[in-house]
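Values in this document were obtained by computation on a predicted structure and should not be read as measured data. Any value given below was found using the heavy atoms of this structure, including those in side chains, with hydrogens, waters and symmetry copies removed. Quick note on labels: first sequence line is chain A, next is B, and so on, each numbered from 1.
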Amino acid sequence: MDTYQQELIRDLNPAQKLAVESLDGPLVIFAGAGSGKTRVITSRIASLIHNGVDPRKILALTFTNRAATEMKQRAIALNPKAVGSQISTFHSCCARWLREFADELGFNSNFTILDDSDSKSVLKGVIQKSSLSESAKASLPDYKQVLSNIKVQGLFPKDILKNKMLDDLPEGFDEIYKSYQVQLANCNSMDFGDLMMNMILLLRNNVKVKQILQNRYAYIMVDEYQDTNSVQIELVTALGQGTRNVCVVGDDDQSIYSWRGAKARNILEFDRCFSEAKTVKLEQNYRCTAHIIDAANAVIKNNQIRASKKLWTENPQGEKIEFVYESDNEMEAHHVVESIKSENYMPEQTAIFYRTNSQSRLLEEALLRENINYQIYGTTRFYDRVEVKDLVAYLRLLVNPLDDVAFLRVVNKPARKIGGKSIQTLQKYAEEASKSLLQIANSLSETDPKLFHKLMPFLACLNIAKKNLEREPLGNVLSIILDQISYLKYVEKKYPNQFQEKCENIHELVVALNEFSTANPNGKLEDWLQNITLVRGDNNISGYVSLMTLHMAKGLEFDRVYIMGFEDGLIPHKNSLESKQQLEEERRLVYVGITRARRKLTLTAAYRRLGYQGYVNLPPSRFLAEIPKECIKGLVEEASYGKLDETEVVDEENGITRHQSVYHPTYGYGMIDNIVVVHGKQKAVVEFDDFGKRTVPVHHLRV
DNA sequence: ATTAACGGGCTTTTT
DNA sequence: GCCCGTTAAT
């Protein structure tokens, strides 16, 4: 062993060393939270290259772009040659391979990748054209969910027809599925599921492609293996069949994507495909305080379906976990923000987690009020904004003229008096001629001059933009489009209140495009487009507090963590209360959340929560009762966990009851809306005449 | 006859 | 808050 390798494994524990040194042959690494998983994988990559393996023959697959980026950066830090290795997400890899082998599948390599909302609108069109009953047509969201479900199981339309066991599918699903795929093929487009499915199709049926890819990669590593679905398993096994140097890493206790087709038992059954596989368990946690690890272990041990494994740590006990029970969700947000202000953790080392995306709104408002910079991971993505999606649709049409989805999105934006009827006739023409909407639109000058006239400005804009595509930086091409269609004017008229914000987004888009052109002088618009569909903006900006769902939190770590909405109905979610399996997954979600915190953790709940319609009362989460008392402070009576206390609290002594007019020394006059217990103390929720709704201690009030 | 604008009903988690 | 069905405007 030379000095480089000695340095690489210095201060690794024995299990980690074993994992880094077992380079050849199949290997399963069970890696508990904070057990140094990424360090192990990246050291393996560095070591392989150091041993003379061509970096390009190393493939590492992850689920999130963030994981891929981090892995790549850390591998490069250990061995600069790792820059040549392919480290990216399943979806990006598949997209890359599919562009390379598109013609083998009858696609053009500039195909469009449809995101979920695009896919939904195609599905909507297909259902409307179908011969389904009206009542079946009404349940569109069902179809979208079923379709995604079917695809993550790797079922093609022909499998649906054969498989009579799938008889709980909605009416006419097989027909819808078939025409949906035909429609997508006509548009030279693929949805997220297709990226995986089409790759499988190639590997199954195309020996040439299979051999090329098997020879291309000598070492394969898969992160978060507990989250793989059957299609991804098939992909990994097919690619790894040649050299059998397949290393998978995961933790069944962190399996939180079963609703997306992930099968945690994949990691337990890895040796079914690779019978000679070795196993390594990483159980020492280097991340969290002992209190946090104790709490996490105590919670997860209530799950019955799991491999035996126990996380331990040598870290100090640290501060107790804190439970905070506030009167409503607004106060909950307020409390978190005040807490962040009062403590001195670095903003980029502070994170706030919640179960549903909608919970972020109040929190954002509270953070904005206090001028705390924050960033949201995941949805509400920049590229999901209407104005950005519209402009991206214009760009998509430049690259892929068959993209009917993009066409339909923007043909009438800004309004050009092209509504449902015009679209119908256009679709009829297109179908008769077997052309895309854009192609047929361009050829209407004789057949339908009236419609053609209405389409003119739209078509002209695209033509002008296309002419500039070769010679101008991409941002300038977008500016030309903006100018041609007077898009800013349209936005100002349609969204007067959000005009400035949307302008900034548009400007940012132009800048992003120009930056891309500068960074990749030979970069094509299609490369940029693929990136924005598959890559989310998710880097950790310094000076910013991070907000995200519990699902997004996996794989991250922060000194200071808050988990909000720790209530039965949110955590566990109300839709998961029915089955034991679903409840266990919710518990794993809590486990993931807890183990993100390095130093201090706060769980918050609200007595009542203002939702889409009025207030709902949710009891504190049942999972609180599973946390040992010595790890946590601030709990109210145990009896209330998982059960709602309906009794109204009234302060008889002071004559304070609901709907009572009161006076507060700071806020003046108001009316009591409700009286609640916070931290065992009575507080009144008061609607003040001049200050709106506030929660104040009862003893500050005068009748 | 068509298109544009307005108000009502739901909201889990994501590549 | 977002998507959809209804009404008002052309």
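Nucleic acid contact class of A:Gly420 (heavy atoms, under 4.0 Å, all strands): sugar-phosphate only.
Within the structure, a side-chain polar atom (N or O) of A:Ser422 is placed less than 4.0 Å from OP1 or OP2 of B:dT3. Taking only side-chain nitrogens and oxygens, A:Asn575 never comes nearer than 4.0 Å to OP1 or OP2 of B:dT13. The phosphate of B:dA4 has OP1 or OP2 within less than 4.0 Å of a side-chain N or O from A:Asn412. Distances shown here put every side-chain N or O of A:Thr549 at or beyond 4.0 Å from the OP1 or OP2 atom of B:dT12.
Closest-nucleotide positions on DNA chain B for A:Gln582 and A:Ile418 were compared, and the one nearer the 5' end corresponds to A:Ile418. Nearer to the 5' terminus of DNA chain B, by closest-nucleotide assignment, is the contact made by A:Lys493 (compared with the other of A:Ser92 and A:Lys493).
By the stacking rule of 5.5 Å between ring centres and under 30° between planes, A:His551 does not stack on the base of B:dT13. Both stacking criteria are satisfied for A:Trp259 over the base of B:dT13: a centre-to-centre distance under 5.5 angstrom and an angle between ring planes under 30 degrees.
The ring pair (Phe, Tyr, Trp, His ring centres under 6.0 Å) check on A:Tyr257 picks up A:Trp259, A:His551, with sequence neighbours excluded.
For the pair A:Arg416 and A:Phe458, the cation does not sit on the ring face, since its NZ or CZ is not both under 6.0 Å from the ring centre and inside 45° of the axis.
Among B:dT12, B:dT14, B:dA5, the nucleotide with an atom closest to any side-chain atom of A:Tyr257 is B:dT14. Looking at the side chain of A:Ala415, the nearest of the listed nucleotides B:dT14, B:dT12, B:dA4 is B:dA4. Among B:dT14, B:dA4, B:dT2, the nucleotide with an atom closest to any side-chain atom of A:Lys421 is B:dT2. Side chain of A:Ser576, nearest nucleotide from B:dT12, B:dA4, B:dT13: B:dT12.
The NZ atom of A:Lys574 sits 6 Å away from the P atom of B:dT12 (whole-angstrom rounding). Atom-to-atom, CZ of A:Arg409 to P of C:dC3 comes out at 9 Å; the value is rounded to the nearest Å. In this entry the distance linking CG of A:Leu123 with C1' of C:dC3 reads 15 Å, nearest Å. The distance between atom OH of A:Tyr490 and atom C1' of B:dA4, rounded to the nearest whole Å, is 11 Å. The distance from atom NZ of A:Lys554 to atom P of B:dT13 is 16 Å, rounded to the nearest whole Å. Atom-to-atom, CZ of A:Arg361 to P of B:dT12 comes out at 16 Å; the value is rounded to the nearest Å. Between A:Leu618 atom CG and B:dT12 atom P the separation is 14 Å, expressed in whole Å.
We find that A:Asp568 and A:Lys574 are not joined by a salt bridge, their nearest charged nitrogen and carboxylate oxygen being 4.0 Å or further apart.
In this structure, the ring of A:Phe63 has its center less than 6.0 angstrom from the ring center of A:Phe90.
Using a 30° and 60° split on the angle between ring planes, A:Tyr490 and A:Tyr487 fall in the tilted class, from 30° to 60°.
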